[in-house]
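Sequence positions, counted from 1, serve as the residue numbers for this chain. Remember, it's 1-based here, ligands and their atoms both numbered in the order they're listed.
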Amino acid sequence: MNNSFYITTPIYYPSGKPHLGHAYCTLACDALARFNRLEGKNVLFATGTDEHGQKIQQKADELKITPQEYVDNMRKDFKTLTPLMNFSNDDFISTTEERHKKAAQEMWKRLEKAGYIYKSTYSGWYCVSDEAYFTEEELVDGKSPDSGNPVEWMEEDSYFFKLSAFTDKLLEFYEQNPDFIQPEIRRNEIISFVKQGLQDISISRSKFNWGVPVPGDEKHVMYVWIDALTNYLTVAGFPEKDITEFWPANAHVVGKDIARFHCIYWPAMLIAADIPTPKTVFVHGHWVAEDGRKMSKSLGNVIDPYEVVEQFGQDQLRLYLLSAITFGGDGSFSRDAFIAKSNSYLANDLGNLFQRVLSFAHKNFDGKIPALGELTDEDKAFLANFEGLADRVKAQMDDYKINSAIEEIWTCVRAANKYMEEQHPWTYKKEDPAKCGHILRVLMESFKFLACLTEPFIPTGAAKLANQLGYEKLTLADLNELISLQEGKEFDKPEGVFARIQIEEA
Ligand code: ME8
């Protein structure tokens with residue numbers, strides 16, 4: 001059985017600071033990567049930056065620096081998202097790295113050798129900021145339909161990829177690989193688009209030179225997609241290493257804005273180059289600002305993840321983004337909903353539960369794990385919640401239902417709170433210390449499930465909770481036995497993990 005799991009984010013354009021949308025996509029991948037690590041899989045989780053193109057060259061020119069200096073500087077902000085959000089990416093690829101230039105050129109050569117690349121002339125309405133050509137009909141008031149920015153008529157020599165040869169092949173491919181495009185709604189959209197027939201795509205430019213040179217024709221640089229998409233292969237070791245350890249990738253997670261490129265161009269290129277296709281492209285939705293408009297730099301309504309983390313906390317932001325919407329759907333960032341969720345899920349439900357039980361147990365049982373007596377029917381009914389919990393969470397995660405996975409866990413967090421209230425261990429402190437200890441111990445057994453399974457979503461807090469129970473690190477293997485804590489083992493005096501967010505009075 002192949003025990004590896006390779007997951008990727010898009011490589012982001014470092015033409016501005018990362019915003020909440022970038023953080024969100026990497027966060028979703030991080031949760032999936034972390035869950036697969038808990039299962040004991042060999043995980044490769046990659047993110048990075050897409051550093052070529054005319055837009056980057058223009059920005060650098062404006063600042064009178066080289067494009068390389070510009071991207072070296074801008075990349076830093078994307079790299080610091082990793083510590084800010086506690087991402088666990090194993091690699092961070094930049095397309096200006098040597099290893100990537102080699103990979104993109106090798107990909108080009110394979111496509112050329114297989115007869116899928118030819119030279120012709122390209123013309124159309126070009127928008128520099130979108131790095132895209134539009135047809136006359138697509139323009140809105142004579143401007144780019146995507147950004148509203150001006151367009152100019154351009155004609156140039158260009159190489160083309162014979163995408164038109166893939167209409168039927170792709171339809172057959174989607175049919176044979178029903179999980180390739182997820183969720184279903186995106187799959188249907190892509191299939192109806194492909195059914196209309198595909199046209200060849202332009203894959204080189206000669207009007208600027210900030211890109212990977214086209215092999216054998218130094219006047220041209222690659223234009224966007226062969227360069228950008230091949231990054232996923234570069235990370236897997238293409239073309240120099242044996243890529244079979246991690247390729248084909250398990251999942252490329254991308255926003256709906258770039259679904260077509262990943263669901264159409266990418267499998268077509270891979271089929272053409274005779275390289276296996278990834279198992280899934282998962283298409284997620286967009287976050288909009290509180291005013292309901294798409295977050296974008298030009299509208300000036302972007303939410304800055306650095307500010308939110310500094311003000312409210314990292315796990316708080318992670319949990320809100322992952323649980324507030326169905327993965328795949330759109331979301332609107334609401335400050336009130338964010339605060340409400342942080343306080344109820346983290347401070348009250350989970351944080352208070354651990355703090356109350358563990359500090360009471362620590363104080364009254366000499367800092368040692370109390371003994372377990374005979375399990376009552378109530379204890380058994382409560383513990384039954386945790387039997388199979390890891391499998392239920394796994395089923396949701398394997399199905400990319402991140403918010404449902406979180407709900408599975410919080411159903412059990414709530415059950416633990418209910419059990420604690422109903423059993424009220426503190427009332428037996430004097431008259432029946434053994435019973436008091438027994439109830440605390442039952443709760444502590446349930447805690448290892450919670451500390452372990454919340455890790456993919458709130459890794460910093462979850463690691464502290466695991467430490468409080470005396471574990472250095474928990475994995476799903478630690479959850480095989482319902483009862484497994486060691487009586488009499490010392491544990492540290494707990495400290496509160498999730499602070500309540502105080503709502504400022506206006
Ligand atoms: O498209 N909500 O880079 P990019 C949610 N370089 N996610 C969002 C978002 C929002 N409001 N805004 C951006 C590119 N994203 C290319 C990709 S891949 C081979 C090349 C996320 O910087 C989302 O995942 O424009 C989207 O697909 C991605 O950022 C686009 O990043």
**Student:** Of all the atoms in ligand 1, which lie at a distance below 4.0 Å from a heavy atom belonging to Asp257?
**Tutor:** 26 (C), 27 (O), 30 (C)
**Student:** Of all the atoms in ligand 1, which lie at a distance below 4.0 Å from a heavy atom belonging to Ile258?
**Tutor:** 1 (O), 17 (C), 27 (O)
**Student:** Check residues 149-161 and write down every donor-acceptor pair under 3.5 Å in which the side-chain atom is one partner and the other belongs to a residue at least two apart or another chain.
**Tutor:**
| residue | atom | partner | partner atom | Å |
| --- | --- | --- | --- | --- |
| Asn149 | ND2 | Ser129 | OG | 2.7 |
| Asn149 | ND2 | Ser147 | OG | 3.2 |
| Glu156 | OE1 | Ser206 | N | 3.1 |
| Glu156 | OE2 | Tyr133 | OH | 2.9 |
| Glu156 | OE2 | Arg205 | NE | 3.3 |
| Ser158 | OG | Ser202 | OG | 2.8 |
| Ser158 | OG | Ser204 | O | 3.3 |
| Tyr159 | OH | Asp217 | OD2 | 2.6 |

**Student:** Out of His286, His19, His284, indicate the one that has the non-hydrogen atom closest to atom 13 (C) of ligand 1.
**Tutor:** His19
**Student:** Would you call the rings of Tyr232 and His262 parallel, tilted or perpendicular if under 30° counts as parallel and over 60° as perpendicular?
**Tutor:** tilted
**Student:** Would you say Trp287 and ligand 1 have an N/O pair spaced under 3.5 Å apart?
**Tutor:** yes
**Student:** Contact between Gly331 and ligand 1, counting heavy atoms under 4.0 Å?
**Tutor:** no
**Student:** Pairs of nitrogen or oxygen atoms closer than 3.5 Å, one from Trp225 and one from ligand 1: do any exist?
**Tutor:** no
**Student:** Can you sort out which atoms of ligand 1 are near Cys25, meaning under 4.0 Å from one of its heavy atoms?
**Tutor:** 24 (O)
**Student:** Using the ring centroid of each side chain, check whether Phe333 and Tyr320 are separated by less than 6.0 Å.
**Tutor:** yes
**Student:** Which ligand 1 atoms does Ala228 reach within 4.0 Å, using its non-hydrogen atoms?
**Tutor:** 19 (C)
**Student:** Does Trp210 use its side chain to pair, donor to acceptor, with the backbone of Glu51 at less than 3.5 Å?
**Tutor:** yes
**Student:** Heavy atom of Phe261 under 4.0 Å from ligand 1?
**Tutor:** no
**Student:** Any chance you could lay out the ring pair (Phe, Tyr, Trp, His ring centres under 6.0 Å) test for Trp225 and Phe261, step after step, and finish with the verdict?
**Tutor:** CA-CA 8 Å; Trp225 296 106; Phe261 307 113; 3.9 Å; yes
**Student:** Which of these, Thr9, Asp50, Val302, has its nearest heavy atom closest to atom 6 (N) of ligand 1?
**Tutor:** Asp50
**Student:** Calculate, to the nearest 0.5 Å, the distance between atoms CG and NZ belonging to Leu81 and Lys76 respectively.
**Tutor:** 15.0 Å
**Student:** Between His262 and ligand 1, which part of the residue brings a heavy atom under 4.0 Å of the ligand: side chain, backbone, both or neither?
**Tutor:** side chain
**Student:** Look at the aromatic rings of Phe327 and His284 and report parallel, tilted or perpendicular, splitting at 30° and 60°.
**Tutor:** parallel
**Student:** Show me which atoms of ligand 1 lie under 4.0 Å from any heavy atom of Pro10.
**Tutor:** 18 (S), 24 (O)
**Student:** Identify each donor-acceptor pair in which a side-chain atom of residues 266-281 lies under 3.5 Å from a protein atom, sequence neighbours left out, and give them as a table.
**Tutor:**
| residue | atom | partner | partner atom | Å |
| --- | --- | --- | --- | --- |
| Trp266 | NE1 | His252 | NE2 | 3.1 |
| Thr280 | OG1 | Asp179 | O | 3.1 |

**Student:** Main chain of Ala395, side chain of Asp399: is a donor-acceptor contact present, judged purely on distance under 3.5 Å?
**Tutor:** no
**Student:** Using a 4.0 Å cut-off to any heavy atom of Gly285, which atoms of ligand 1 qualify?
**Tutor:** 5 (C)
